[in-house]
2 protein chains.
Amino acid sequence: MNARLVPVVSSFATKREDIGQERSPQDEDYTLERQVGHLLRRAHQRHAALFQERIGSAALTPMQWAALFSLVRHGPTTQNKLGRLTAMDPATTQGVVRRLVARGLVARSADPTDRRTRLLSATEGGRALVAATLPIARAISDATLAPLDEAERAIFLKLLSRMAFA
Amino acid sequence: MNARLVPVVSSFATKREDIGQERSPQDEDYTLERQVGHLLRRAHQRHAALFQERIGSAALTPMQWAALFSLVRHGPTTQNKLGRLTAMDPATTQGVVRRLVARGLVARSADPTDRRTRLLSATEGGRALVAATLPIARAISDATLAPLDEAERAIFLKLLSRMAFA
DNA sequence: TGGCGTTCATTCGTATACAAACGATCGCGC
DNA sequence: GCGCGATCGTTTGTATACGAATGAACGCCA
C-alpha cells in the first residue's frame, strides 16, 4: 500500500561515464543540463530521494507527510482546501487522503455546515507521527540545501520562492 | 494516448483566499511554504504548466520532448543510456520510448554489438519536430525564469545546478 | 573456456499529477 | 423561494516516477 520503507536508495545511477558532454562541433547553446525545467526536476528528484532515505521508517511519502502536517497545523479541514494548502489538485488529494485514512492517521467527520463535504482531521496517531517526524523533516530540508552555504541558501530560497509562486 | 493538447491550463487554483497564513500564536518556524522541497515541487509544477500551455500543439510532454531532443542531439542510443541522459530510470524510460515509437517519432534498430539492446534513433519526423519546437523550448525556459531579472537568473541557475547535481 | 558478476530491457505494483466529466450541493441574486 | 453558476468530491484515463524482481546477454577473469 505504501512505498517501500527505507528502499536501497539506488538512485538508478550506473555507468557514470556517458554523461560527458559530447557536444556538436559548433557547440550548441541549448543543453538539457542548462534548462531550468531539467534542473528543477533533478533537484526535486534529489530531495525526494533524501526524503525516502530518512523518513522511510515512518513509511510516509512526501505528499502524505505534507498533507498530514497541514492537517495538524490547520486543524479540521475540507479535502479540497487541504489540497490547496499543499498544492495538490482534487483528484490527487483524493488518493493521498484515502491512504492516510486507511492507515488510521486521518479521520473524516461530518461537516454540519455543508453536506457535500466531510471534515478531515489528524487522529491521535497522526498527530504523534507528525510530532515525531518534524525534526526529521527539518533535517531533510537541511540535507537538501547542503550543497549551499548559509548566504547562498538565503538567496536561493528567496529566488526559488518567486519562481514557485509567480 | 497523450496528454491533452493545449489543455485549459486551469492550474486548479480556485478560491484563493484560504492560503493566508493563519499561523499559531507562537508563530511556528516550520512552514510548508518555506521548505525547499515544497518550493522545488511548486516551481517544477509551474514549469510543467508553462510547457503544456506552449508546446501543446506538438502534443509532447516534457519528458517526451527531452528524450526526443536527446536522441537527436546524441544520435542512435541505447534505451538505458537515453534514460541516463535524461535522468529517467529504466522503467520510466520504457514507457516514454514506447509512446514515442508508437507515434513514429523514434525507431528501433538492431544493435550489431549487443543482442540485449536495440538502438533508438529519431525518425525524420522526430528530427523535424525537435527542429520546429526548439525555439518554443527556449521560450519556455525564458518564461519559467521570467520572475527573475538577468542577474538573478544567472545566480539562480548556478545555485540550482549545484542543488540538482550534488 | 567456463563461470560469475554486471548490465539490458521488461514487468508488476504503488504513488503522484492532472484533464475532463459527473452528480450533489451550495449560495447568491432576483 | 427558485434558479443558476460555483464549489465539492469522485471517477476515469493517461503519463511520469521508482522499487523490486526477472531472464537474457555481456564481458572479464581465472
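Computed from a predicted structure; not experimentally measured. First the proteins, then the strands, lettered A, B, ... as listed; each starts at 1.
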| Separation of C/dA17 P from B/Leu50 CG (nearest whole Å) | 17 Å
| request: Look at all strands and tell whether B/Thr93 reaches a base, only sugar-phosphate, or nothing, counting heavy atoms closer than 4.0 Å. | output: nothing
| query | For A/Thr61 and C/dT16, is the shortest distance between a side-chain N/O and OP1 or OP2 below 4.0 Å? | reply | yes
| Short side-chain N/O contact to C/dT10 OP1/OP2 from B/Gln79, under 4.0 Å | yes
| message | Can you see if the side chain of B/Arg84 gets near the phosphate of C/dC8 - specifically, an N or O under 4.0 Å from OP1 or OP2? | response | yes
| said: Students often get this wrong, so: under 4.0 angstrom with heavy atoms, is A/Thr117 touching a base, only sugar-phosphate, or nothing? | reply: sugar-phosphate
| query | Within less than 4.0 Å of OP1 or OP2 of C/dA9, is there a side-chain N or O belonging to B/Gln94? | reply | no
| task | For D/dA17, take OP1 and OP2 only and decide whether either is under 4.0 Å from a side-chain N or O of A/Arg41. | result | yes
| request: Check whether any side-chain nitrogen or oxygen of B/Arg99 sits under 4.0 Å from OP1 or OP2 of D/dT16, and answer yes or no. | output: yes
| With respect to the phosphate group of D/dT16, does any side-chain polar atom (N or O) of A/Gln45 fall under 4.0 Å of OP1 or OP2? | no
| So does B/Glu33 pair up with B/Arg42, basic N to acidic O under 4.0 Å? | no
| request: May I ask you to decide whether A/Arg138 forms a salt bridge with B/Asp29, counting only side-chain N to carboxylate O separations under 4.0 Å? | output: yes
| message | Please determine whether a side-chain nitrogen or oxygen atom of A/Gln52 lies at a distance below 4.0 Å from atom OP1 or OP2 of D/dG19. | response | no
| query | Does A/Arg115 make a side-chain donor-acceptor contact with the base of C/dT25, cut-off 3.5 Å? | reply | no
| said: What I want to check is whether the side chains of A/Thr78 and A/Asn80 have a donor and an acceptor closer together than 3.5 Å. | reply: no
